[in-house]
Amino acid sequence: MSQVVTPTAIATGVRAPRRDIGLKKRYAAERRFRAYGIAALSFGLIFLFVLLWSVVSKGYTAFQQTMITLPVEFSQQVIDPQNQRETNAQLLMTANYPILARNALAKALGISTTDRAKLREVSQMLSDGVRVQLRDMVVANPAIIGTTQTVTLLAAGDLDSAFKGQIDLSVTQENRKVSDQQVGWMKQLAEAGALAKHFNTGIFFNGASSRPEAAGVGVALIGSFYMMLIVLVLSLPIGVAASIYLEEFAPKNRFTDLIEVNINNLAAVPSIVYGLLGLAVFINFMGLPRSASLVGGFVLTLMTLPTIIIATRAALKAVPPSIRSAALGLGASKMQTIFHHVLPLAMPGILTGTIIGLAHALGETAPLLLIGMVAFVANYPTTPMDPSTALPVQIYMWANEAERAFVERTSGAIIILLLFLIVMNVGAILLRRRFERRW
Amino acid sequence: RDQIQIAGSSTVLPYAKIVAETFGETFPNFKTPVVESGGSSAGLKEFCKGVGEATIDIANSSRAIKSSEVEACKAAGVTEIQEIRIGYDGIVFATDSSNGEMKIEPKDIYKALAAEVVVDGKLVANPYKNWSEINPTLPKGPIAAYIPGSKHGTREVFEEKVLAEGCEQSGAAKVIKAAITDAKQAAAKCVAVRKDGAAVDIDGDYTETLARIAANKTGVGVFGLAFYENNMDKLKVATVDGVVPSTETISSGKYPVSRPLFFYVKKAHLGVIPGLKEYVEFFVSDAMVGPDSPLAEYGLVAAPDNQREQVRKDFAAGKTM
Amino acid sequence: MTTSMLLLITLAIALIGYLAGSRRASALAGGRSSSMHSRPGYYGMFVAVWSALPALLLLGVWLVAAPAVINSSIRGDFPADVQAQPQATQGLAFGMIEGIARGMLALSPEEREQAERNPADLRPLMGSRGVAIAGDPEPYMVKAANDLNSMNATSNLLRNGLVLIVAVAGAMLAYRLIAPRFRARNKVESVILASLVVASSIAILTTIGIIASMLTEATHFFGRVPAHEFFFGTVWDPRFAAAGATASEGQFGLIPLLLGTLYIGFVAMLFAVPIGLFSAIYMSEYASPKVRSIAKPLLEVLAGIPTIVYGFFALTTVGPFLRDISSQINGLATGNYANFIQAQSVITAGFVMGIMLIPYVSSLSDDIITAVPRALRDGSLGLGATRSETIKRVVLPAALPGIVGAILMTASRAIGETMIVVLAAGVAARIQLNPFEPMTTVTVKIVSQLTGDLEFTSPQTLVAFALGITLFVITLCLNIYALYIVRKYREQYE
Amino acid sequence: MNMMSEAAVEKALDQKMNDVSYKMIGKDVSVYYGEKRALFDVNLNVRQNTVTALIGPSGCGKSTFLRTLNRMNDTIENCRVTGRITLDADDIYDAAIDVVELRARVGMVFQKPNPFPKSIYENISYGPRIHGLARNKADMDQIVEASLQRAGLWNEVKDRLHESGTGLSGGQQQRLCIARAIAVSPEVILMDEPCSALDPIATAKVEELIHELRTNYTIVIVTHSMQQAARVSQRTAMFHLGQLVEENDTDKMFTNPDDQRTQDYIMGRFG
Amino acid sequence: MNMMSEAAVEKALDQKMNDVSYKMIGKDVSVYYGEKRALFDVNLNVRQNTVTALIGPSGCGKSTFLRTLNRMNDTIENCRVTGRITLDADDIYDAAIDVVELRARVGMVFQKPNPFPKSIYENISYGPRIHGLARNKADMDQIVEASLQRAGLWNEVKDRLHESGTGLSGGQQQRLCIARAIAVSPEVILMDEPCSALDPIATAKVEELIHELRTNYTIVIVTHSMQQAARVSQRTAMFHLGQLVEENDTDKMFTNPDDQRTQDYIMGRFG
Ligand SMILES: Nc1ncnc2c1ncn2[C@@H]1O[C@H](COP(=O)(O)OP(=O)(O)OP(=O)(O)O)[C@@H](O)[C@H]1O
Ligand SMILES: Nc1ncnc2c1ncn2[C@@H]1O[C@H](COP(=O)(O)OP(=O)(O)OP(=O)(O)O)[C@@H](O)[C@H]1O
Ligand SMILES: [Mg+2]
Ligand SMILES: [Mg+2]
């Protein structure tokens, strides 16, 4: 076209007509996409809160324990009638201490010491743990024999449940563990101020016990602590080292493909199989002791490794090659390039893997089953070689207990586990935040 | 090693725990034994690994050791095994406490749960949908029974003492025997459980059964007596053949569904592992397993006096299997 | 000198070696470190490695070998009648000797002499020192215990001497090698590389260990039950054989378990992957840093809740809820208030497991997405793409390898999960396709067969091992396939 | 595109320039990166169908200003823009404005080539696809080919359209990015040193492209080459230390600048 | 550095050039990217204390050749190099050679600026630190300052040494990379279009730097600007389609090239 165009024609011509680029639809899609994101995130968080709520609402009562404060007469008559404690060291250990507590309680309730039937019911109100409590007092200070001391004693688990309103008192007496008589006494004592709820320190520090009121997660906490320490100390360096080798050094061939697939596959191995492995390798072959947190730590390390390796490899892959070229071009060795530049950039991913891996390891029971850590352990472990349990194990075992009082304690133990989890991960989370950078 | 190591049945575990704890308190110079859970099978397997410090001392079991296991033990050097029978575990049927009184007979259970029942003299796939079709005292609503999974020792007892019995009572056994000549297979048929979802296997513990009943009020669950006694306010127990389950009725043999509980001791470890002998003696003493003992209070059905005495004698005499 | 003391001293020698090596390298460089091949620190590390590594290896070998040697030597000296006893009994006797030996060390010389003369006194004597002896020792045991103590002492002395000599010799040798053209960095790096290889080989060893720990038992199983019945059987009922079936004690059909595993895993992924991925996208691309820094760790708590808690949550809350909802829906639709969702069902298990798996997808994907360089986003935004288009078409494809890794790991976890399935979907092995009905998985059966009350020599228990190995092989195949897919769609940025 | 004779266009454009119509107007534009201020009250108008060159020493704020024109600064976390910028009289920083549409209308070629880690074909087709500019595969093929042709890359890559864009040489990547930008036919094209990695012939080709595009589009180009600025632009703006020193007709600028600093810079006397 | 008068240096260098001493010798160098061959039997020698310019159209293999000289090609997955390249008579592709040492001796500035996502200071100090070139902090500060000065970046960044290197403008990033490379004082410096994003003044500064460096170092530079090649280099090599077309004294090359293609390219007649 050679026709001359007027300036105005050009003016309109170049003012390109607004194209339809489907904005409305695309914005709807954008909003939808964003909404999906919000929905997904809220969904996850809501469920977290529902879960936490269901645990906390059931479990917070576990941090209180009903106790009875009584003046207890350490009667020479009962403890050491023949006055032989100088000569017979065993005597103070084996004396019939529960009688002391029972008598004290009976006295407080105004029950004659000859009413055998009632005394029986009275003694059921106190925990069997009073034996050890009173014994320890006497052994520590034999001088209190013959005196009267005010002692705060654990109430029996059933009474504790009744006092917290967890036993349905409307059913007939025969169908529950506490009798109407006992409930009456309980109310009487509560009014007098002798029976009250106290903060339950025992749940944190006591070892396992078949008596709910005296049971605690002390041993499990230590066991979990040892195991997590071992898992962290072993799996993080090993996992990162393995990932670095596989991602940065290993020749890309069938064999390394096989290793890669194999590691992915290890993540799919049911955790109990790691228990079988631990039993075969660490206990039967290497001769390490059963029920030891050392073995548990090793087993959980093996279980955690794939998680850390997969996360680390993904993070290493995501580091742009230009960073590697830059460092290599300056004469940094490959090792230096990786440790100085690539690894710090991959750190958030590595830490995520660690956080998730450790969280998984902390909550895992099944592999511990076969190496003997799902067990009743009353004594504190002093080293990782001693028998101990772990928090999830304690939860698992309490969840299977018949007594009502264990129900709230199970939830209480879960709360403790979650607190442990949070404390354990806080460091990693803060560290991860420091390493995160956009560029 | 200065600590006794025990592994095995989760049914025996609560009793073993109580004994272990009391043992630790009563004998302060011995450490409290470690009691592992993990099932009779796993416990016996560890038990039969061999003799020595690295192996466990006691295996708890909710069933008697099988001859093949004794063989395996022998092969590994565990030649001397002492069997200790600690008492009985009662198995009860219970439903949510909101239901009415329940009276059942084995044949009711059989009809409700068998894979095939006899209707008009013929074996047909179980047609029953509601409890009321079988027995009006049972909960009103669709049949749902929570029975121990096949991994549990209790299942065997349930099959033998309830299903097989019910099979007999209801007359199905005759029809089955008529149809199938092989006695073993006929017996198996008698105890086969329906698989349409009415009978639910529970591989977990009784707490799971309890939770399931709480979620489904018309369900009937199978529990251990001890567990039931701890949750009486939530559960309503069923009479079997008119007998209410209790320690008395079970130990007297009136209540039919129960089983013995055991533990096995490695004789070679006696006198080597500190406290082992004392532990066993403590366990079998009347203070622990007698009718008035803490274990009985928890729900263990004490063995008759003479049986307990026999157990103590056998142990003292070092009687092995 | 205790082992830990020896360890400390060896490390101290290595440290000294490090310092000396660096100093020497600095001195050789004479201020111009470019005349040296490597930085002085590398020379130092070279010396340290040469001093510590062989010494520690020696120590390790010694710690393993010496007790074995001593053990056999002591046992060799047992009286003939004891030697005639079975090995296990001898082992127990040896254990007792070790106890006595330990006790001996706690005694004073006079007491020891007295004890040797009078073995009967030994037990109470040692008991008073807090050393428990199993039974009354026989005379030969006291002597053996003394031998044991002296042998241990000699062995320790020898060990300490040798380890220290090796440490010092290694350090000196390495020190003498220091020269300007000596490639210390390469040497040190090859040691690091070797340790990286060792670390990766742990994965291989784990695999070998897993297979080995299951193989013998699995073969026992296949010795009792024909393989075809296991692999192609459609009924899982390990206690009973159907009428007319083979003689083996039950039916061990793998198919229903496998289907259940895949089905429940699939449903779980159906919940976890979209929720996790969208959470990750939202956190990394839309949310403010503050929201992200709170939401991400919170989601990670989901991964740390013990699975039994999820299980009970499913059992007491989710399952009944779905059941009741379904009966309401059914009632409103048809007037018949019967539930079509069972309290235990594939969907319950999948749903609850999906919640647990959210952080596995979300956290890792979030990291990977964040690592995608800004230039790519800018490129897309600059063309007039909306944010979501940029994410869908540029960012996600670039982050795909990492995300797929995360998803694979999630799937793995789904397959390996037990407790949730037991409580949420039950243990009934069935072949069916309705997601509202119960099913069960391979792992559930592995656990329950392993931990049951059944005879441990029976196929009912042994089948757990066969299941374990089979699952291992199947997931391996799935992973190989996944790798193949990932390779095909890989996009490398820059 | 336009079928007019070249001379006619030239004339029409010149006439147009007299009654000056502004495509984009920047008023008191300041940009801050966190605390740091990178632009100081820049008043710069971009004329329609004109090539405006931005020159100035490295780090003076050229890219920053360019990025304000299509709000690419939004993506930088701590970046803040004040002042007013309009496109066809709409304030582009207005809440009502649609960034996506804005960016579709104001395209950009970045200083560092940033091809997507996709095939060459997908790199080009990406924009047209999201904006729905191609009705079918043939359409798209045609757009891809035309864009690559115009960016002078077609011959080099026509056999490897389905290989990754990241495997190209530096200059090829840059041309790929140019092709990618023009494939969506924006109204305004912002080019940040489009020829920096190009050899003279490729440069000439791109300059020719710019020349050709000018008939229909408005172009803002950052360049370090005075020669290039002189060759391709009608207006030139000179930045220094975040300030707009002078904006003028290119001819005037290079022969008789108003500002001493411009003079000095062009003569190569400071920097 | 060198204290001789400039004239003396010039003379010494000229003398030197007569008895030609080669720093690097490339013989039959071919490079393959997977199936694709990017270089065809290139024979090119790099003279000591000389600036060698590589020119040629985009995509002809200049960067590829440059990268073979310090084995940066090793890092590209499917890249394969054949032929022989020596540095001071050592075959650099020999197994016995230490790549790291090689790269410390043969430094490189990349075509796309790639600063580390660390502070500016750390970007520069990284090289000296790993090579132990600074005895203490003061030393290091001095190296950092000197390098930035020489790259002409000091004034712009001296107040923000501890801010991220990725927050710099394109040209600043490029100068940062130059500073980073010279901070380790390699014997040979490979520069891939070091001035592509630089304004004329910064370019002049870099050229001055090159000139200055030549007394002690050997430099190979890829450039698209014929003028720049003419200004800074003594030898020029012309590539085309992966082949070395001609290598010659720069003067001769730009006045009277042996090869017709060189002539055409310099005249801007093909590409
Ligand atoms: N990683 C790679 N994979 C495949 N091909 C590549 C790769 N890098 C470069 N090439 C190809 O090799 C040829 C030479 O590339 P090279 O980067 O050496 O070009 P150049 O001369 O530096 O060009 P420019 O001036 O554009 O940077 C080009 O055709 C390019 O597409
Ligand atoms: N993301 C950022 N954060 C902080 N400061 C920045 C950022 N981007 C640029 N700057 C600074 O803003 C100033 C202007 O940068 P700009 O990129 O606009 O320069 P330019 O004129 O494009 O330079 P060049 O020609 O080198 O590309 C420079 O001092 C630069 O360091
Ligand atoms: Mg710029
Ligand atoms: Mg190049």
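Order of the sequence lines fixes the chain letters, A, B, ..., with proteins taken first and strands second; residue numbering starts at 1 for each chain.
- With a 4.5 angstrom heavy-atom cutoff, C:Tyr360 touches chain A via backbone and side-chain atoms both.
- Neither the backbone nor the side chain of A:Phe285 comes within contact range of chain C; no heavy atom of the residue lies under 4.5 Å from a heavy atom of that chain.
- Of all heavy-atom pairs between C:Pro359 and A:Ile356, the closest is O-CD1, 3.4 Å.
- By the 4.5 Å heavy-atom criterion applied to side chains, A:Gln336 and C:Glu189 are counted as neighbours.
- C:Pro306 is listed as a side-chain neighbour of A:Leu417, based on a closest heavy-atom distance under 4.5 Å.
- For the pair A:Glu30 and C:Glu389, the minimum side-chain heavy-atom distance is 4.5 Å or more.
- Contacts between C:Ile281 and chain A at a heavy-atom distance below 4.5 Å involve the side chain alone, from C-beta outward.
- In this structure, A:Phe33 has its ring center under 6.0 Å from that of C:Phe278.
- Remark: aromatic rings of C:Phe351 and A:Phe47 are close, center separation under 6.0 Å.
- Comparing C:Ile358, C:Thr317, C:Leu298 by how many heavy-atom pairs each has under 4.5 Å with chain A, the most go to C:Leu298.
- For the set C:Val447, C:Ile275, C:Thr307, the count of heavy-atom pairs under 4.5 angstrom toward chain A peaks at C:Ile275.
- Taking A:Ala267, A:Pro392, A:Ala280 one by one and counting their heavy-atom pairs under 4.5 Å with chain C, the maximum is reached by A:Ala267.
- Summarising the geometry, atom CE belonging to A:Met335 is positioned 8.0 Å from atom OG belonging to C:Ser190; distances are rounded to the nearest 0.5 Å.
- Looking at A:Arg31, neither its backbone nor its side chain comes within 4.5 Å of chain C, counting heavy atoms on both sides.
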For this session: Apply the test side-chain contact (heavy atoms from CB on, under 4.5 Å) to residues A:Val50 and C:Phe313: give CA-CA distance (whole Å), side-chain angles for both, the deciding distance (0.1 Å), then the verdict.
Result: CA-CA 10 Å; A:Val50 169; C:Phe313 182 63; 3.7 Å; yes
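- Your options are A:Ala40, A:Ala346, A:Gly363, and the one with the most heavy-atom pairs under 4.5 Å with chain C is A:Ala40.
- Taking OH of A:Tyr36 as the reference point, atom OG of C:Ser388 lies at 10.5 Å (rounded to 0.5 Å).
- When heavy atoms are compared at a cutoff of 4.5 Å, A:Phe249 approaches chain C solely by way of its side chain, counted from C-beta outward.
- At a heavy-atom separation below 4.5 angstrom, chain C is approached by A:Asp257, A:Ile259, A:Glu260, A:Val261, A:Asn262, A:Ile263, A:Asn264, A:Asn265 within residues 256-265 of chain A.
- Within 6.0 Å of OH on C:Tyr286 lie more than 12 heavy atoms contributed by other residues, nucleotides or ligands.
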Step-by-step side-chain contact (heavy atoms from CB on, under 4.5 Å) determination, A:Leu276 to C:Phe465
CA-CA 9 Å; A:Leu276 282 175; C:Phe465 298 91; 3.7 Å; yes
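- Of the residues C:Ile210, C:Thr475, C:Leu476, the one that meets the side-chain contact (heavy atoms from CB on, under 4.5 Å) test with A:Leu266 is C:Ile210.
- Looking at C:Asp367, only its side chain comes within 4.5 Å of chain A, counting heavy atoms on both sides.
- Listed here is the closest heavy atom pair of A:Arg34 and C:Tyr282: O-CD1, 4.1 Å.
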Practice prompt. Could you please spell out the steps behind the side-chain contact (heavy atoms from CB on, under 4.5 Å) verdict for A:Asn425 and C:Glu300?
Written response: CA-CA 9 Å; A:Asn425 277 346; C:Glu300 280 159 356; 5.6 Å; no
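- The contact between A:Ala359 and chain C is made by backbone and side chain atoms together, counting heavy-atom distances below 4.5 Å.
- Heavy-atom distances place both the backbone and the side chain of C:Leu364 under 4.5 Å from chain A.
- With a 4.5 angstrom heavy-atom cutoff, A:Leu370 touches chain C only via side-chain atoms.
- If you measure heavy-atom distances from A:Leu369 to chain C, the contacts under 4.5 Å come from the side chain alone.
- Looking at heavy atoms from C-beta onward, A:Leu51 lies in side-chain contact with C:Tyr310 at the 4.5 angstrom threshold.
- Comparing C:Leu471, C:Leu193, C:Val64 by heavy-atom pairs within less than 4.5 Å of chain A, the highest count is held by C:Leu193.
- You'll find the side chain of C:Arg413 reaches within 4.5 Å of the side chain of A:His360, heavy atoms only.
- Shown here for C:Ile308 and A:Ala399, the closest heavy-atom pair between the two residues is CD1-CB, 4.1 Å.
- Of the residues considered (C:Ala464, C:Ala203, C:Gly468), C:Ala203 shows the highest number of contacts with chain A, using heavy-atom pairs under 4.5 Å.
- Put simply, of C:Ile415, C:Thr386, C:Ile202, the one with the most heavy-atom pairs under 4.5 Å next to chain A is C:Thr386.
- One finds the CG atom of A:Leu45 at 7.5 Å from the OG atom of C:Ser279 (value rounded to the nearest 0.5 Å).
- Proximity to chain C (any heavy atom under 4.5 Å) is shown, for A:Val240, by neither the backbone nor the side chain.
- Environment of NZ in A:Lys25: sparse, with no more than 12 heavy atoms of neighbouring residues, nucleotides or ligands closer than 6.0 Å.
- With a 4.5 Å cut-off on non-hydrogen atoms, C:Ile391 touches chain A through its side chain but not through its backbone.
- Contact check for A:Leu48 versus C:Leu299: no side-chain heavy atoms found under the 4.5 Å cut-off.
- Two residues are said to be in side-chain contact when any heavy atoms from C-beta on lie closer than 4.5 Å; A:Thr352 and C:Lys296 meet this criterion.
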Just do the side-chain contact (heavy atoms from CB on, under 4.5 Å) check on C:Ile446 and A:Ile272 with the steps written out, would you? CA-CA 8 Å; C:Ile446 294 178; A:Ile272 193 162; 3.8 Å; yes
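- The candidate from A:Leu362, A:Val281, A:Ile355 with the greatest count of non-hydrogen atom pairs under 4.5 Å with chain C is A:Ile355.
- Using a 4.5 Å cut-off between heavy atoms, C:Leu478 does not touch chain A at all.
- When each of A:Leu23, A:Val269, A:Ile38 is checked for heavy-atom pairs under 4.5 Å with chain C, A:Ile38 comes out on top.
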Using residues 301-312 of chain A as the side-chain source, report each donor-acceptor pair under 3.5 Å to any protein atom, sequence neighbours left out, with the distance given to one decimal.
unit_1   : atom_1 : unit_2   : atom_2 : d
A:Thr301 : OG1    : A:Gly297 : O      : 2.6
A:Thr304 : OG1    : A:Leu300 : O      : 2.5
A:Thr312 : OG1    : A:Ile308 : O      : 2.6

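- Nearest approach of A:Ala318 to C:Ala371, heavy atoms of both residues: CB-CB, 3.7 Å.
- For C:Thr451, the part lying under 4.5 angstrom from a heavy atom of chain A is the side chain only.
- Residue A:Ala241 comes nearest to C:Ala199 through the heavy atom pair CB-CB, 3.6 Å, listed as atom of the first residue, atom of the second, then distance.
- Contacts of C:Met214 with chain A are made by side-chain atoms alone, with heavy-atom separations under 4.5 Å and no backbone atom involved.
- Contacts between C:Ile192 and chain A at a heavy-atom distance below 4.5 Å involve backbone atoms as well as side-chain atoms.
- In this structure, A:Arg26 and C:Gly384 approach most closely via the heavy-atom pair NH2-O, 2.8 Å.
- Note on C:Thr418, C:Leu408, C:Leu450: by heavy-atom pairs under 4.5 Å with chain A, the leading option is C:Leu450.
- Using a 4.5 Å cut-off between heavy atoms, C:Leu483 touches chain A through its side chain atoms alone.
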